[in-house]
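This report refers to the structure that appears directly beneath it.
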2 protein chains.
Amino acid sequence: MTEMKRPVTIQDVAREAGVSTATVSRVMSNPGIVAATTRAAVEEAIARTGYAVHHSARNLRRQRTGSIVALVPNLANPFFSQILSGVSATLSPRGYHLLIADTQNGPQAGGQLLHYLGHGVADGLILFDGTVERAHLAPGAGDRPLPPMVIACEWMEGLALPNVRVDNAAGARLAVAHLAGLGHRRIGHITGPAGNVLTEARIAGTRAALAQAGLETREAWFFAGDFSLDSGAFAAREWLAMAERPTALFCASDEMAAGFIGAVQAAGVEVPRDVSVVGFDNIEIAAHLTPPLSTVRQQRTTIGVEAARMVLGCIDGTVTGAPELVLPVELIARRSSAAPAA
Amino acid sequence: MTEMKRPVTIQDVAREAGVSTATVSRVMSNPGIVAATTRAAVEEAIARTGYAVHHSARNLRRQRTGSIVALVPNLANPFFSQILSGVSATLSPRGYHLLIADTQNGPQAGGQLLHYLGHGVADGLILFDGTVERAHLAPGAGDRPLPPMVIACEWMEGLALPNVRVDNAAGARLAVAHLAGLGHRRIGHITGPAGNVLTEARIAGTRAALAQAGLETREAWFFAGDFSLDSGAFAAREWLAMAERPTALFCASDEMAAGFIGAVQAAGVEVPRDVSVVGFDNIEIAAHLTPPLSTVRQQRTTIGVEAARMVLGCIDGTVTGAPELVLPVELIARRSSAAPAA
DNA sequence: CTGAAAGCGCTTACAG
DNA sequence: CTGAAAGCGCTTACAG
């Protein structure tokens, strides 16, 4: 009764069915090839014993791991939940496991990456972090062949890796053009973290749209943020202290927009009467804020789905080279942006 | 130049160093046991070849997988990001990989679970979903031994599984007592999804606190929600249409509270002047809403950390039986709750 | 302190 | 259509 039950192996099934392990294996992975009678016997033996294949063993033999690892810069950031959901939904039906690692957790970011680059860990990688050590990724860097990799959301300048991203500059242009179209002449920007490619692209888009509209680009109106709520609130304090304030702000993330709005509202400022705000991402709560937040929609589930498809394509050879998939963005005008006060 | 580099194996290193594979293996996992000279030679060979252990192979041999799987009901729900971050941060330094699966993704919820219960997939499971098929979990159900499991956040009535959760009823009592203490006599509740254990516990706490305060428990003031923003907004429409409205609402999630507040504000209702609102969770944006949201704080990172520790404890035998860790909650009074209008 | 050998649980050419 | 055998890349008693 209390005896430890040893997990049942393919050997047990073979013995039970009176066939070889090869036959059992065939019934599991290529049933058509085995005689109906034999197959039935094996299937019965499988049912009777409750056999389930041992994945580590199968994977070792097949020289694959059945796992894809997603490397995210910060798992605690809810921005990634929908993306990972898309990844998971794509991987799961194709029989792959999703391994998730936080580049902040490992001994050091580089260490994490190197570990997963090692063989026998994952069949492919999705990098959501453009700041990993480039040296590790140079084709033929270490002595071993690297598993297929795609970089999603972010990218690495000058490194030809399969890539899925959103048209960040276009998103910024859309936001700024929207504000200019409403009649704003003094438009500012809360940026993402310094050095980040998304930050640069959105700044570039902002400048381009400002120039296009014939508006001034004043450096003092570029507030340094880091995508977080707190950095939006911090920018709000700078904005409040300003002699000559921009009448509209494009924020590089919805979280910063929410942080900004919360902080200025606490100081008695009315949005959009006193200042118009446009975010980026279209996080779920954006539509439920007061006022509902105008923003640039970025389809996060799609990013995850496409990134997953791309690695799978690299693995099965369907995808070669370093394709770039740039997903479109869309402006969603809600109530946080309006014509400036007369 | 273009030749495919075969990954280097322990054999290559052994040959290179002029020792047996056993010695190489020992240098990697128990260096103290091998002579200094030999060790140096092996280490040099490892460096020269760029050898990295093949994890599948090691794991098969060691009869472990090195992975823990987290089964979440909905990966897209940002509620889990911080929890998973805590799990990852705990697992990573202990050398475990984190496998994440969405119970909605698989063929069916039960199928997913069964798959991960199979051997060779994971060394342990953390269930964040209390609605999985109980039959699969009954000790000794199938014919095979089950891997260690802990259930976190939720739990399963009458099933003795190691468990980490928060004191949900106490949280509800705190929230309702807070509102009663402010002078509210008509207090309502927006519930979680029907049938969920969290929902039940928070309803029970609400009723208990209402009774304790000598207040009426009116069924019409219990709005059916499902934790989502939209369900909060939906409840707001019901509330707005009511002849006799509660003056205060305890919402079983911050998202519902935000959805409720957004919707009533859009209808010209002022919070907290016209209605006080308390949420549950203390999500990051709670402090940045207007008004900042009063809520019951639930330490999500800690839940993840403790759940991970508990499975690891089950695996290494440190933890036995079915311990229950109930984490305390805390009321955070912000500006969305105040004394009712005179 | 080190090596030869067995074996983790599978899969897959290779014969027949 | 099926089986015997080799082998995926490691680790670990067992000898010495």
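So you know, we letter chains A, B, ... as the sequences are listed, proteins then strands, and number each from 1.
When the P atom of D:dA4 is taken as reference, atom CD1 of A:I10 falls 14 Å away, rounded to whole Å. The NE2-C1' distance, from B:H55 to C:dC8, rounds to 17 Å in whole Å. If you take CG of A:N59 and C1' of C:dT12, they are 16 Å apart, rounded to a whole angstrom. Rounded to whole Å, the distance from CG on B:N30 to C1' on C:dT2 is 13 Å. Rounded to whole Å, the distance from CG on B:L60 to P on D:dG7 is 17 Å. One interatomic measurement links the two molecules: CZ of A:R26 to C1' of D:dA4, which rounds to 11 Å at whole-angstrom precision. Between A:R64 atom CZ and D:dG9 atom P the separation is 16 Å, expressed in whole Å. Between B:I33 atom CD1 and D:dT11 atom C1' the separation is 12 Å, expressed in whole Å.
One finds a salt bridge joining A:R48 and A:E16 here, because a Lys/Arg side-chain nitrogen approaches an Asp/Glu carboxylate oxygen to under 4.0 Å.
Side chain of A:T23, nearest nucleotide from D:dT11, D:dT2, D:dG9: D:dT2. Nearest nucleotide to the B:T38 side chain, out of D:dT11, C:dT2, C:dG9: C:dT2. For B:V19, the side-chain atoms get nearest to C:dG3 when compared with the rest of D:dT12, C:dG3, C:dT11. The listed nucleotides are C:dA13, D:dC14, D:dC10; the one nearest the side chain of B:V53 is D:dC10. Side-chain proximity of A:H54 to C:dC10, C:dG3, D:dT11: nearest is C:dC10. For A:R61, taking side-chain heavy atoms from C-beta onward, the closest of the listed nucleotides D:dA6, D:dG3, D:dT11 is D:dA6.
With a cut-off of 3.5 Å on both pairing distances, D:dA13 has no Watson-Crick or G-U wobble partner at all. Nucleotide C:dA4 forms a pair with no other nucleotide shown, judged by Watson-Crick or G-U wobble geometry with both contacts under 3.5 Å.
A donor atom on one side chain and an acceptor atom on the other are found under 3.5 Å apart for B:H97 and A:H115. For the residue pair A:N59/A:T65, the side-chain donor-acceptor check at 3.5 Å is not satisfied.
Geometrically, B:R64 engages B:Y96 in a cation-pi contact defined by less than 6.0 Å to the ring centre and at most 45° from the axis.
Proximity of B:Q63 to the phosphate of C:dG7: no side-chain N or O atom is located under 4.0 Å from OP1 or OP2.
With respect to A:V42, the side chain to side chain contact (heavy atoms under 4.5 Å, CB included) criterion is satisfied by exactly one of A:V19, A:V34, A:T37: A:V19.
Within the nucleic acid shown, A:A22 comes within 4.0 Å of at least one base atom, counting heavy atoms only.
Annotation: of the two residues near DNA chain C, B:R62 and B:G18, the 5′-most nearest-nucleotide partner is B:G18.
D:dT12 sits 16 Å from D:dG16 when the C1' atoms are compared, rounded to a whole Å.
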